[in-house]
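What you are looking at is a predicted structure, and each value in this text was computed from that prediction instead of being measured. The figures here come from the full heavy-atom set of this structure, side chains too, leaving out hydrogens, waters and symmetry mates.
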Amino acid sequence: MASFSPKRAMAELRHSSSSLGSRASSSPLKREGGDPDITPLISPDNQSPHDDDDRHSIRDYSSRPFWMPNYFLCPDETRVSSTSLYNSKISLSLLLFVFIGALICIPTIWNRLNAPYLCKKDGIVLQCPRVKESPSLWENPYSATTSWKPCAERRDGFSDLPSENDTSGYVLIQAEGGLNQQRIAICNAVAVAKIMNATLILPMLKQDQIWKDETKFQDIFDVDHFIDYLKDDVRIVRDIPDWFPDKAELFTSIRRTVKNIPKYASAQFYIDNVLPRIKEKKIMALKPFVDRLGYDNVPQEINRLRCRVNYHALKFLPEIEQMADRLASRMRNRTGGSNPYMALHLRFEKGMVGLSFCDFVGTRDEKVKMAEYRRKEWPRRFKNGSHLWQLALQKRKEGRCPLEPGEVAVILRAMGYPKKTQIYVASGQVYGGQNRMAPLRNMFPNLVSKEDLTSKEELDGFRKHVTSLAALDFLVCLKSDVFVMTHGGNFAKLIIGARRYLGHRQKSIKPDKGLMSKSFGDPYMGWATFVEDVVITHQTRTGLPEETFPNYDLWENPLTPCMCKA
């Protein structure tokens, strides 16, 4: 038996429809061989000798243009009554009215067709742009990216800045975690200082247990630009004032440290609970300071200030910027000509795999070692391990597991990216090593990291600070034509947010891991169906403009407070 073919099925359907139509249109008399001019209603004997002429006359009149009324015919052909003339005039008037109405309505209909439509994303109803341009692998449609422009540099609603002696006091924070978590903390510190009308002491970068890094603010960021750019917003000093007796007392003394700040606190919380202590003690440290300022419970001017710090005031040192420019240039010219490149943030380090508590493909020995690692690092979550299998299945269904390198490769190929695509990988040591990376490298052999693009001597100057190496990855990803994230985190959301702020033109792909997990687990899904699902699902997951909603993440989507209608 021949296999089913959509094309053959459509051909058979068209053939059967045409034959059915021909049978339905033929009269019973024709099928019986009778005279086609004889009808059951009129006898041949009763036909008038002028019938043929009348029929010809009727056919002649009916064949004239629809817009030609009867009174344009010769008097010999027809006699037009006053009623016919009146009816013809009415017809012309109605036709003219419809034509004018259509001209008036065309612009409105066109705008409706091109206006954003309501769509649902992650359970939230949003306005999504209508993308009609031919799809491109390397950039978002122009028509979908021109409605917004950056405007964080506007300083609406801010009063004149008081002198340093007239501020409420001094505030100091420790920025914890990796480079990107520290970046967010610095932005929040400037905002909090503005809320309380306090002088900000240059934030300290705390050594993290995982990063093991002792980088200072001035080792990674341009301090002079930072202070000068924000001189009209917040008073910033480089160090603790000399008149303060014991600098070591900060962050260690209960009298000098505010420790009860809740996560995503409101502006009013700082005014009611922190400001009085600053006025009393003159200098206070805030600890901890990870995510200690909310988004939708602070004034819009404060959110705009945070964007101003993030996108304009915080600049890396010139040597880091220059090295990143060289890396991006080498990526574009690897094949001898100027080519676009993709940046892939692959979050599949051992620590991330362990912390996720997800199950991944691997040998029995790998799974045993991972279980021991999780028991040691996270004993409270591990408990006896009996509940972890069900937890892992649930997290994968909900899209909360990091994508494996092989899964990323299949998704990118389904999107249409060819084997020759140049890919810059920003990642730590991938769990599983070369064996885990093999599927991705086989499908995309032009896979490189900063170590592949530079000599040992070029990177030696950056190795003394781990955050300097992270800054290089950040900038090369930011400059890429397409950025692809594989799991959440501050690095990915800051990159996506910055690329949106730059105009939404650059693609920033955020895979739908929940849907992909269902597709990967469906043994009956063919490649064509999978490709269709991937393409349709990710049409609106490429960094296009999105309206913000309550509890939105400012760093991933700066649209409403930091961008304005073009």
Side-chain angles (χ1 to χ4, degrees), residues 135-140 179 316-349 403-430 432-463 466 468-486 491-492 494-496 498-499 502-503 505-511 538 542-543:
S136 168
L137 290 175
W138 296 103
E139 58 186 5
N140 283 322
L179 171 65
F316 294 112
L317 291 174
E319 53 266 32
I320 296 176
E321 298 269 0
Q322 293 166 7
M323 188 67 215
D325 287 338
R326 287 197 292 272
L327 290 173
S329 177
R330 292 171 188 176
M331 280 300 302
R332 297 191 191 283
N333 295 280
R334 291 192 70 227
T335 58
S338 181
N339 295 299
Y341 75 92
M342 175 188 293
L344 175 64
H345 184 220
L346 192 59
R347 297 206 71 188
F348 209 75
E349 305 89 349
L403 289 172
E404 296 189 46
E407 293 174 329
V408 176
V410 173
I411 293 172
L412 293 178
R413 184 57 60 85
M415 288 180 177
Y417 290 97
K419 187 174 183 179
K420 64 180 181 180
T421 301
Q422 302 291 327
I423 301 180
Y424 179 89
V425 179
S427 173
Q429 183 65 40
V430 174
Q434 293 302 318
N435 289 337
R436 185 74 65 173
M437 288 291 292
L440 177 59
R441 193 172 294 278
N442 289 340
M443 297 183 75
F444 295 96
N446 295 317
L447 207 66
V448 296
S449 64
K450 56 182 173 293
E451 288 78 12
D452 299 316
L453 296 171
T454 58
S455 63
K456 181 179 180 298
E457 292 72 24
E458 283 182 301
L459 284 184
D460 280 345
F462 300 94
R463 294 185 191 278
V466 177
S468 297
L469 295 175
L472 290 177
D473 280 340
F474 183 92
L475 289 173
V476 177
C477 288
L478 184 62
K479 299 171 187 291
S480 66
D481 298 274
V482 172
F483 173 71
V484 181
M485 62 173 288
T486 60
F491 183 100
L494 283 171
I495 291 288
I496 292 176
R499 290 163 71 90
L502 293 172
R505 189 67 167 147
Q506 299 169 302
K507 272 195 171 184
S508 303
I509 299 174
K510 186 177 181 179
H538 295 90
T542 58

For C477, does its backbone N or O pair with a side-chain atom of R499 as donor and acceptor, under 3.5 Å?
->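 Flag set: sc R499 to bb C477 pair under 3.5 Å.
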State, to 0.1 Å, how close V448 and D452 come at their nearest heavy-atom pair, and which atoms those are.
->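 For V448 and D452, the tightest heavy-atom pair comes out as CA-OD2, 3.4 Å.
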Any chance you could measure D325, atom CG, to I320, atom CD1, to the nearest 0.5 Å?
-> 12.0 Å
For residues L412 and V484, determine if any side-chain heavy atom of one lies less than 4.5 Å from a side-chain heavy atom of the other.
->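 Yes, their side chains come closer than 4.5 Å.
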Minimum heavy-atom distance between S449 and Y424, given as atom pair plus value |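 Closest approach of S449 to Y424, heavy atoms only: C-CE1, 3.9 Å.
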Here the pair of heavy atoms bringing R413 nearest to M443 is NH2-O, 2.6 Å
Of the non-hydrogen atoms in F462 and S468, which two are nearest, and what is the gap between them?
->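 Minimum heavy-atom contact is O-CB, 3.6 Å.
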Heavy-atom closest contact (L478 atom, A498 atom, distance) = CD1-CB, 3.5 Å
Distance col, row N140:CG vs S508:OG, nearest 0.5 angstrom, shows 7.5 Å
Would a 4.5 Å heavy-atom cut-off, applied to side chains only, mark K450 and M323 as touching?
->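 Contact flag for K450/M323 side chains = no.
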CE/M331 to NZ/K479 distance, rounded to the nearest 0.5 angstrom?
-> 14.0 Å
For the pair V476 and L453, evaluate side chain to side chain contact (heavy atoms under 4.5 Å, CB included) and give the outcome as yes or no after the intermediate values.
-> CA-CA 12 Å; V476 177; L453 296 171; 6.0 Å; no
Does one side chain, of R330 or T454, offer a donor that lies under 3.5 Å from an acceptor on the other?
-> no
Pick from K507, Q422, R332: which one makes a side chain to side chain donor-acceptor pair (under 3.5 Å) with D481?
->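 Single side chain to side chain donor-acceptor pair (under 3.5 Å) partner of D481 among K507, Q422, R332: R332.
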Do side-chain atoms of Y417 reach the backbone of L137 as a donor and acceptor pair under 3.5 angstrom?
-> yes
Would a 4.5 Å heavy-atom cut-off, applied to side chains only, mark P511 and M485 as touching?
->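 Counting from C-beta outward, P511 and M485 do come under 4.5 Å.
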CG on L346 to CE on M437, rounded to 0.5 Å =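 Answer for the CE-CG pair, M437 versus L346, is 5.5 Å.
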Relative to each other, are the rings of F474 and F316 parallel, tilted or perpendicular (30° and 60° limits)?
->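 Rings of F474 and F316: perpendicular, over 60°.
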Nearest heavy atoms of L440 and P405, plus distance in Å | CB-O, 3.6 Å
Below 4.5 Å, heavy atoms only, C-beta onward: do R334 and N446 meet side chain to side chain?
->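 With C-beta onward as the side chain, the pair touches.
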When rounded to the nearest 0.5 angstrom, what is the spacing between CD in Q506 and CD1 in I495?
-> 9.5 Å
Residue of the set I509, T542, I496 for which side-chain contact (heavy atoms from CB on, under 4.5 Å) holds with F483 |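 Filter result, single survivor: I496.
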Side-chain contact, heavy-atom cut-off 4.5 Å: R347 with E349?
-> yes
